[in-house]
Amino acid sequence: MQLNFATPQLKMRLLSKDDFALFASLYGDEKTMRKICAPFDAEQLANTFELALTRTHDQDYRYWMWVIEHQGKAIGLQSLEQRNSIPEHAEAGIMLLQSANNKGHTIAASKAIVSYGFKCLDFKRIYAEFNATNLATKRILERLNFTYESARNTDNGDNTVQKSLIYYLEAEKWHF
């Protein structure tokens with residue numbers, strides 16, 4: 001199965017060992033991580049990158065992380081992972097470099113990953129969970145016809161709790 005895909009503007013390719021600098025610049029950046037959790041320290045970056053890389057290339061694990069490229073430059077990461085123990089449900093995530101925000105890349109990449117998840121990976125439902133104060137993410141998900149499911153409080157691991165919103169989209173309702 002071909003695991004790389006593209007849109008007219010963007011190319012998505014699987015994460016490789018050469019992508020650590022991009023990974024670190026996203027997960028280690030305070031502004032990028034402000035609505036997710038505390039930025040990762042050096043040890044967390046190394047461990048989490050290795051885990052993402054291993055899972056992405058493990059045929060038995062239903063997890064993929066792609067580098068998003070625009071005009072040959074890496075501008076972010078996005079992922080799909082089987083959600084809980086339900087093989088036909090996935091959790092999606094996306095992070096862009098600050099310099100790539102507000103240029104339409106989030107919508108284009110999100111449409112592409114949802115389409116790929118439904119058409120190529122046979123998911124029937126794709127979820128997105130995000131910080132309730134992240135209004136940009138909420139607007140994007142609603143624009144893509146995601147449906148609100150619920151809210152929950154999430155422990156950030158640093159003695160703080162964040163309210164998360166959970167949205168989902170079903171394959172049968174996908175029309176982009």
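Nearest heavy-atom pair, C37 versus F40, reported as atom, atom and distance to 0.1 Å: SG-CE1, 3.7 Å. Of all heavy-atom pairs spanning L45 and A24, the tightest one is CD2-CA, 3.8 Å. Between F123 and P87 the shortest heavy-atom distance is CE2-O, 3.4 Å. Of all heavy-atom pairs spanning F23 and T48, the tightest one is CZ-CG2, 3.7 Å. P39 and G28 get closest at one heavy-atom pair: CB-O, 3.5 Å. The two atoms that bring A74 and L97 nearest to each other are O-CD1, 3.5 Å, heavy atoms only.
With values rounded to the nearest 0.5 angstrom, L121 atom CG is found 5.0 Å from Y116 atom OH. A distance of 5.5 Å separates CG of L80 from CD1 of I126, quoted to the nearest 0.5 Å. Between M65 atom CE and Q78 atom CD the span is 10.0 Å, to the nearest 0.5 Å. Expressed to the nearest 0.5 Å, how far CD of Q98 lies from NZ of K31 amounts to 5.0 Å. For the atom pair CG of L26 and CE of M33, the computed distance is 9.0 Å after rounding to the nearest 0.5 Å. In this structure, Q44 CD and F49 CZ are separated by 15.5 Å, a value rounded to the nearest 0.5 Å.
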Run the side chain to side chain contact (heavy atoms under 4.5 Å, CB included) test on N131 and I36 for me, step by step, so that the C-alpha distance in whole Å, both residues' side-chain angles and the decisive distance to 0.1 Å come before the verdict. CA-CA 7 Å; N131 183 309; I36 302 169; over 6 Å; no
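Identified under the salt bridge (charged side-chain N to carboxylate O under 4.0 Å, His left out) test for residues 35-61, with sequence neighbours left out: R55-E81. Here side chain to side chain donor-acceptor pair (under 3.5 Å) pairs that include residues 5-28, with residues two or more places apart or in two chains, are R13-D19, R13-E69, S16-D19. Pairs of residues two or more places apart, or lying in two chains, that qualify as salt bridge (charged side-chain N to carboxylate O under 4.0 Å, His left out) and include a residue from residues 85-96 are R83-E91.
Taking D122 as the reference, nothing meets the side chain to side chain donor-acceptor pair (under 3.5 Å) condition, with sequence neighbours excluded. Taking R125 as the reference, E149, E170 meet the salt bridge (Lys or Arg N to Asp or Glu O under 4.0 Å) condition, with sequence neighbours excluded. S79 is linked by a side chain to side chain donor-acceptor pair (under 3.5 Å) to nothing, counting only residues two or more places apart in sequence or in another chain. Among residues two or more places apart in sequence or in another chain, the side-chain contact (heavy atoms from CB on, under 4.5 Å) test is passed with A132 by K163, L165. The side chain to side chain donor-acceptor pair (under 3.5 Å) search around N145 returns H175, not counting sequence neighbours. Residues that satisfy the side chain to side chain donor-acceptor pair (under 3.5 Å) test with R62, not counting sequence neighbours, are Q82.
Considering only heavy atoms from C-beta on, Y61 stays 4.5 Å or farther from T54 through its side chain.
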Atom pairs and distances, donor-acceptor, side-chain atoms in residues 135-144, under 3.5 Å, two or more places apart:
from: T137; atom 1: OG1; to: N134; atom 2: OD1; distance (Å): 3.2
from: T137; atom 1: OG1; to: N134; atom 2: ND2; distance (Å): 3.1
from: E142; atom 1: OE2; to: Y167; atom 2: OH; distance (Å): 3.0

Expected list for residues 102-115: side-chain donor-acceptor pairs under 3.5 angstrom, two or more places apart:
from: K103; atom 1: NZ; to: S99; atom 2: O; distance (Å): 2.8
from: S110; atom 1: OG; to: T106; atom 2: O; distance (Å): 2.7
from: S115; atom 1: OG; to: K111; atom 2: O; distance (Å): 3.1
from: S115; atom 1: OG; to: W174; atom 2: NE1; distance (Å): 2.8

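Formation of a donor-acceptor pair under 3.5 Å by the S164 side chain with backbone atoms of E129 is not found in this model. Formation of a donor-acceptor pair under 3.5 Å by the N84 side chain with backbone atoms of I86 is not found in this model.
Residues L51 and L53 do not share a hydrophobic cluster, defined by chaining ILVMFWY side chains whose heavy atoms lie under 4.5 Å apart.
Results of the side chain to side chain contact (heavy atoms under 4.5 Å, CB included) test with I68 over L77, I94, L22 single out I94 as the only residue that passes.
Hydrophobic clustering, defined by side-chain heavy atoms of Ile, Leu, Val, Met, Phe, Trp and Tyr closer than 4.5 Å, groups Y127 together with I166, Y168.
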